[in-house]
Amino acid sequence: MTITTFLGDRSVGMRTGFTTRPVVMGRRGVVTSGHYLATAAGFRMMEQGGNAIDAAAAMCFCLNLLEPQSNGLAGEVPTLIYSARERKAYELSGMGWSAQAFTIDWCRDHGIDLIPGDGYLPACVPAAVGTWAAALARFGSMSFGEILQPAIDLAENGYPVYDSLYNSLASNVDKFTELYPSTGEVYLPGGKAPEVGELHRNPEWAETLRVLCRAEKAAAGRGRVAGIEAARDAFYKGEIAERILDFIGTPVEDASGSAHAGLLSYEDLAEWEAKFNEPVSVNYHGLDVHKCSSWTQGPVFLQQLTLLEGFDLESMGHNSADYLHTLIECAKLAFADREAHYGDPKFDDVPFERLLSKDYADERRALVGDQASFDMRPGDVGGGFPAYATIGVAEDNRRALQVEARAVRDLGLGHAHVGDTTHLDAVDHEGNMVAATPSGGWLGTSPVIRGLGFPLGTRGQMFYLNPARPNALAPRKRPRATLTPTLVTRNGEPHMVFGTPGGDGQDQWTLQFFLNWAHFGMNLQEALDAPTVHSVHFPSSFYPREAYPGRLVAEGRIAGEVLAELERRGHEVEVTDDWANGKPMGIRYGGPGGVIAGAVSPKGIIGHALGW
């Protein structure tokens, strides 16, 4: 039996079926995150009188510490915020720009055919501190010092090592001993990975945050916002910036086969700021779905919705062969457009009026046939079909630069970094909502900076080196990230936030979660528990940018007869573990009586939701 109403009039749904976890409900607020200790920190902020923005910031800094294999203080955090006071959704550009000195000409002169996925060349300006400074100053209610206290406590006094952190560290002992010895000094006490359940401490990381707290305290007499700005400046214009630049002045070997020093400058750090902008949105069955713009892959979620709106999904049946075939073929079309048309909108003219229009969706939907497509088929948005989007990224780079191919190195991270990144959501009783997807600055691809306790990020690997195409490398440009939170409103009112880790898979798995909830009567936890598939048909966003035409990856819980039928239709089916795809989570605002409901997938084990 199901008691529900189509597309979100319900709070959580009410079913008799089994779920891995309960839907968490509360009237004051609900928080979700990729680690239960981070979730507890966000919950604590709300208990102390903070709002959803305060809670989200506290959770993010804890996640930067607790999941260092998946995100870090020098990474990125694309963020969507709904302000209850303004009744408006905002995108917050939690993405640092590339170095002024890092150009396509520099790559040509140095024989770089693919921007490496490790080392210092792909480093962009660290974004987490500046992003949350902007969010707290405009929409928060607490000080930087207050929201940093849980993370400082965990760094100084330790947090328990868990299985996936242990596995990451244990598999990188040689790298962290030989190539990145500064990482080993922090994460391999006694020369080995700490055991599961052992407390791990990072006092240098804690001291980095204490520098921000001291700067804020010194400016406290000028008010809360001035204190937050002073803390931000301590990171980007003070001793932390100087330590970063000093450390990356010593070259480190990367996947290009050469050693390179960092190209970031003091001015690159000091002049970067996180900015608020309008999100990109479409209406789907009465719900306004908001995504960050094309400096992320987020609009592919919206393009998939416009394509799928023309199909009767319910009649196909949940996770039937018809249903999954349709999802995968629509994903291929949307991601082909990502490759052809998306880039930082401050540099690249992205034709959203065309890409998100009903007419365009009608044209593209006609390409979905009964058999799997093995072609890259970007749409014509005016001016013909871009040839560069139909050949491999490495080949396109080499043609444009006229350089020889370098050997490709296996960084051990797979097609789509599906194990990297994390996510968080926060919703309070006033209707403030936050969805943020922290990533980058992870341990595996850049050494920990001595004295600071964290490594730089490598997001710049996502740039192309053909200057004719969007998302081509340029000074102080944002690379098109895979990170893609989602925020939903209804008639201008707060409704839902969600997201997941998982590289190129993010906007495929969260789409399936959303459709499970919206079309198939599932409550939040059922929608998150259901097995998923994803396509790797298109080029990966990560070095070495490989594509696998026609291949889809399915969790082992998908019915065998469904997988056999997908193979009959021409798909190359790769079956992965039963609970392998991502770690999605979400919160729904305003059920009966104002109840807020949240849930987190059991995938990855450590994510959790709390409410009160």
Side-chain angles (χ1 to χ4, degrees), residues 4-10 80 89 279-294 297-338 340-342 350-370 372-373 377-381 484-492 495-499 506-522 527 530 532-535 537-538 584 586 588:
T4 187
T5 305
F6 179 69
L7 280 174
D9 286 314
R10 66 193 184 279
L80 292 166
V280 181
S281 310
V282 299
N283 186 274
Y284 184 76
H285 291 284
L287 298 179
D288 291 309
V289 182
H290 308 278
K291 300 292 285 189
C292 295
S293 190
S294 53
Q297 70 176 0
V300 298
F301 189 100
L302 307 181
Q303 286 197 249
Q304 289 173 97
L305 285 181
T306 62
L307 289 165
L308 292 168
E309 200 168 24
F311 294 97
D312 186 353
L313 301 178
E314 291 97 330
S315 69
M316 293 181 184
H318 180 256
N319 277 3
S320 67
D322 281 345
Y323 179 73
L324 295 179
H325 171 78
T326 301
L327 289 185
I328 290 294
E329 293 305 296
C330 288
K332 290 176 186 177
L333 295 173
F335 278 90
D337 279 343
R338 182 192 78 169
H341 305 302
Y342 291 15
V350 184
F352 283 124
E353 288 188 4
R354 171 78 168 145
L355 291 171
L356 299 180
S357 70
K358 303 292 187 183
D359 289 344
Y360 185 72
D362 291 343
E363 294 172 18
R364 301 284 281 160
R365 193 180 303 115
L367 297 175
V368 177
D370 293 333
S373 171
R377 299 183 290 178
D380 183 355
V381 296
T484 176
T486 308
L487 186 150
V488 181
T489 57
R490 187 172 190 177
N491 299 322
H495 196 69
M496 195 176 195
V497 282
F498 55 89
Q506 291 175 39
D507 278 320
Q508 300 182 69
W509 304 326
T510 54
L511 177 70
Q512 289 164 76
F513 155 70
F514 181 67
L515 297 176
N516 291 346
W517 177 82
H519 286 291
F520 294 101
M522 300 184 193
T532 59
V533 300
H534 66 277
S535 173
H537 171 84
F538 45 86
R588 160 77 161 87

Problem - Pairing of E309 and R365 as salt bridge, 4.0 angstrom limit - result: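 Not counted as a salt bridge, because no side-chain N and carboxylate O are separated by less than 4.0 Å.
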Handout entry: Carboxylate-amine/guanidinium contact R364 E329, below 4.0 Å
Key =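 Salt bridge flag = no for E329 with R364.
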Practice task
Can you label the angle between the F498 ring and the F514 ring as parallel, tilted or perpendicular, going by 30° and 60°?
Solution key: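 The rings of F498 and F514 lie parallel, inter-plane angle below 30°.
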Quick one: does [X]'s side chain have a donor or acceptor within less than 3.5 Å of a partner on [Y]'s backbone?
X	Y	result
Y342	S293	no
Q512	A530	no
H341	G379	yes
Q508	S535	yes

Handout entry: Test side chain to side chain contact (heavy atoms under 4.5 Å, CB included) applied to S294 and F352, step by step
Key = CA-CA 9 Å; S294 53; F352 283 124; 3.7 Å; yes
Which pair of non-hydrogen atoms, one from [X] and one from [Y], has the smallest distance, and what is that distance?
X	Y	value
V289	F301	CG1-CE2, 3.8 Å
P299	C292	CD-O, 3.4 Å
S373	H537	O-CE1, 3.5 Å
H325	G369	NE2-O, 2.7 Å
F520	G317	CE2-C, 4.1 Å

Practice task
For H519 and H285, run ring-ring contact (aromatic ring centres under 6.0 Å, His included): C-alpha distance rounded to whole Å, both residues' side-chain angles, the deciding distance at 0.1 Å, then the answer.
Solution key: CA-CA 10 Å; H519 286 291; H285 291 284; 5.5 Å; yes
Any non-hydrogen side-chain atom of [X] less than 4.5 Å from a side-chain atom of [Y]?
X	Y	value
R490	D288	no
H495	R588	yes
T486	V497	no
L80	P279	yes

Problem - Residues in ring-ring contact (aromatic ring centres under 6.0 Å, His included) contact with F335, at least two apart in sequence or another chain - result: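 Only F538 meet the ring-ring contact (aromatic ring centres under 6.0 Å, His included) criterion with F335.
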[X] side, atom [atom1]; [Y] side, atom [atom2] - distance, nearest 0.5 Å:
X	Y	atom1	atom2	value
L487	M496	CG	CE	11.0 Å
E353	D359	CD	CG	12.5 Å
L355	L302	CG	CG	10.5 Å
L515	E314	CG	CD	9.5 Å
I328	Y323	CD1	OH	11.0 Å
L324	T532	CG	OG1	9.5 Å

Exercise for the section: Could you please spell out the steps behind the side chain to side chain contact (heavy atoms under 4.5 Å, CB included) verdict for V368 and L307? Expected result: CA-CA 10 Å; V368 177; L307 289 165; 5.9 Å; no
Exercise for the section: Evaluate the criterion side chain to side chain contact (heavy atoms under 4.5 Å, CB included) for residue pair H290 and V280; output intermediate values, then yes/no. Expected result: CA-CA 6 Å; H290 308 278; V280 181; over 6 Å; no
Practice task
Answer yes or no: are there more than 12 heavy-atom neighbours, outside D312 itself, under 6.0 Å from its atom CG?
Solution key: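 Yes, enclosed.
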Exercise for the section: Compute whether any side-chain donor of one residue and acceptor of the other, for T484 and K291, lie under 3.5 angstrom apart. Expected result: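 Indeed, the side chains of T484 and K291 share at least one donor-acceptor pair under 3.5 Å.
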Problem - Y360: which of D380, D337, T306 passes side chain to side chain donor-acceptor pair (under 3.5 Å) - result: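 Of the listed options, the one satisfying the test is D337.
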Practice task
List in chain and number order the residues that pass side chain to side chain contact (heavy atoms under 4.5 Å, CB included) with T326, two or more places apart in sequence or in another chain; answer none if no residue qualifies.
Solution key: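 If we apply the side chain to side chain contact (heavy atoms under 4.5 Å, CB included) test to T326, skipping adjacent residues, the hits are L308, F311, M316, C330.
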Exercise for the section: Might you work through the side chain to side chain contact (heavy atoms under 4.5 Å, CB included) test for Q303 and L356, ending with a clear yes or no? Expected result: CA-CA 6 Å; Q303 286 197 249; L356 299 180; 3.7 Å; yes
Exercise for the section: Using the salt bridge (charged side-chain N to carboxylate O under 4.0 Å, His left out) rule, take K358 and E363 through it: C-alpha gap first, then chi angles, then the decisive distance, then the call. Expected result: CA-CA 9 Å; K358 303 292 187 183; E363 294 172 18; over 6 Å; no
